[in-house]
Number of protein chains: 2
Amino acid sequence: MDLPPSLLRLDTYVLSKIGKTARARLSERLATRGLRLWHMAVLAALADFGPHIQRELASRLDLHPSDVAKVIDTLVAGGAVERRQDPADRRRVRVDITPAGRSLLGELEHEAGTVRDGILAPLNPSERAELSRMLHRVFDGLHAPGSH
Amino acid sequence: MDLPPSLLRLDTYVLSKIGKTARARLSERLATRGLRLWHMAVLAALADFGPHIQRELASRLDLHPSDVAKVIDTLVAGGAVERRQDPADRRRVRVDITPAGRSLLGELEHEAGTVRDGILAPLNPSERAELSRMLHRVFDGLHAPGSH
DNA sequence: TCCATTCGTAGGTACGCACCTACTATAGGT
DNA sequence: ACCTATAGTAGGTGCGTACCTACGAATGGA
């Protein structure tokens, strides 16, 4: 039984469905480790940009500070990151990724790669590259004024 | 403050973010009419395939039958569809779209078009067409075995 | 006639996600 | 010393979504 063509003609619909599936498949894999997408995002931020104050993580990832605390909690419990008080300002907590955290991130990225391969399976390598380029341009445009 | 490149390198992430934004923007517009995405999906199914038994709508759209009932409730209240009992099997309810429902669907599709234009703004027309083609192929592949 | 099955529906449950609030500790200017 | 602002955190709220359950009405085969 087919889906309505009227719906499929809307790129908005197709885009949201694909995105939802992508998200769901990745979430599912992270869940087997007791993690969510935010945990991965935090690890990636720490790996790419080095230690952060929690507030910086919140603003970089656009995540509420109280939720950052919770995400960090579980990462600390798993030994993937460590918290240490900033001696210069003892209100602040500097968060850094541990070697274990880096290797965890590597595994998560591998999982994400598998999910991507599954989703983009219908496309050949050059098409994937082309799609990826276009998606990035679209993504960059999302936060531009006027697109909304 | 930039997002982590490690994250952006994952098409899975970008895809889910774009999809989420697309969904959010369309939902937002539908919400001004007291509708959700499912209402639009049901209208599209009725417009494309004609009247449905509620069970058929459920299986076509992969929506739980008890939720179909609720979606239809609000569409009936708005005069967009009508329910009538199937005389051959009085357990069944045939649902059909009304002229008002068709014009409503037209407006919703126009809204969806606006959302699409906003999101795909960074691309020129031929790129959009190319993206659309690829997205459809990807979408069709989602339900294929082995992609998961 | 009886019984298992199917349809629609009301009501409730569970979960993820984003957000808010109140509180403690600390900082830094006046 | 005082006052205001800031950092982190615990706990809770609200929303959307999906799912499940129980029930009455109707069907159709044994």
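Quantities reported herein were computed from a predicted structural model and do not represent experimental measurements. Per chain, numbering begins at 1; letters A, B, ... match sequence-line order.
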Rounded to whole Å, how long is the line connecting atom [atom1] of [X] with atom [atom2] of [N]?
| X | N | atom1 | atom2 | value |
| --- | --- | --- | --- | --- |
| Asp89(A) | dA5(D) | CG | P | 17 Å |
| Leu63(A) | dG8(D) | CG | C1' | 14 Å |
| Glu28(B) | dC15(D) | CD | P | 16 Å |
| Asp86(A) | dT6(D) | CG | P | 17 Å |
| Arg84(B) | dG8(C) | CZ | P | 13 Å |
| Arg90(A) | dG28(C) | CZ | P | 11 Å |
| His52(A) | dG8(D) | NE2 | P | 12 Å |

Item to complete: Please indicate whether Asn124(B) has more than 12 foreign heavy atoms, meaning atoms of other residues, nucleotides or ligands, lying under 6.0 Å from its CG.
Response: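 Yes, because the 6.0 Å sphere around CG of Asn124(B) holds more than 12 heavy atoms from other groups.
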
Q.
Looking at Arg84(A), I'd like to know if its CZ atom is crowded, meaning that more than 12 non-hydrogen atoms belonging to other residues, nucleotides or ligands lie closer than 6.0 Å.
A. no

Separation between CG (Leu105(B)) and CE (Met40(B)), nearest 0.5 Å, reads 6.0 Å

The reported gap from CG in Leu123(A) to CZ in Arg133(B) (rounded to nearest 0.5 angstrom) is 12.0 Å

Is there any protein nitrogen or oxygen under 3.5 Å from a nitrogen or oxygen in nucleotides 15-17 of chain C, and what are the pairs?
residue, atom, partner, partner atom, Å
dG16(C), O5', Arg36(A), NH1, 3.4

Any ion pair linking [Y] and [X] (charged N to carboxylate O, less than 4.0 Å)?
| X | Y | value |
| --- | --- | --- |
| Glu107(B) | Arg33(B) | yes |
| Asp140(A) | Arg137(A) | no |
| Lys70(B) | Asp73(B) | no |

_We want to know whether His52(A) and Arg60(A) form a side-chain donor-acceptor pair, criterion being a heavy-atom distance below 3.5 angstrom._
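His52(A) vs Arg60(A): donor-acceptor pair found between side chains.
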
No-hydrogen, no-angle side-chain donor-acceptor test under 3.5 Å, Gln54(A) and Arg94(A):
no

Taking only the side-chain nitrogens and oxygens of [X], find out if one of them lies under 4.0 Å from OP1 or OP2 of [N].
| X | N | answer |
| --- | --- | --- |
| Arg83(A) | dT9(D) | yes |
| Arg91(B) | dA25(D) | no |
| Gln54(B) | dT9(C) | yes |
| Arg92(B) | dC7(C) | yes |

task: Classify the nucleic acid contact of Ile53(A) as base, sugar-phosphate or nothing, counting any heavy atom under 4.0 Å across all strands shown.
output: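 Touches sugar-phosphate only.
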
Note: contacts of residues 64-72 of chain A with DNA chain D (heavy atom, under 4.0 Å) are Pro65(A), Ser66(A), Ala69(A), Lys70(A)

Does any N or O donor sit under 3.5 Å from an N or O acceptor when you compare the side chain of Arg55(B) with the base of dG8(C)?
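It does, because a donor-acceptor pair links the side chain of Arg55(B) to the base of dG8(C) below 3.5 Å.
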
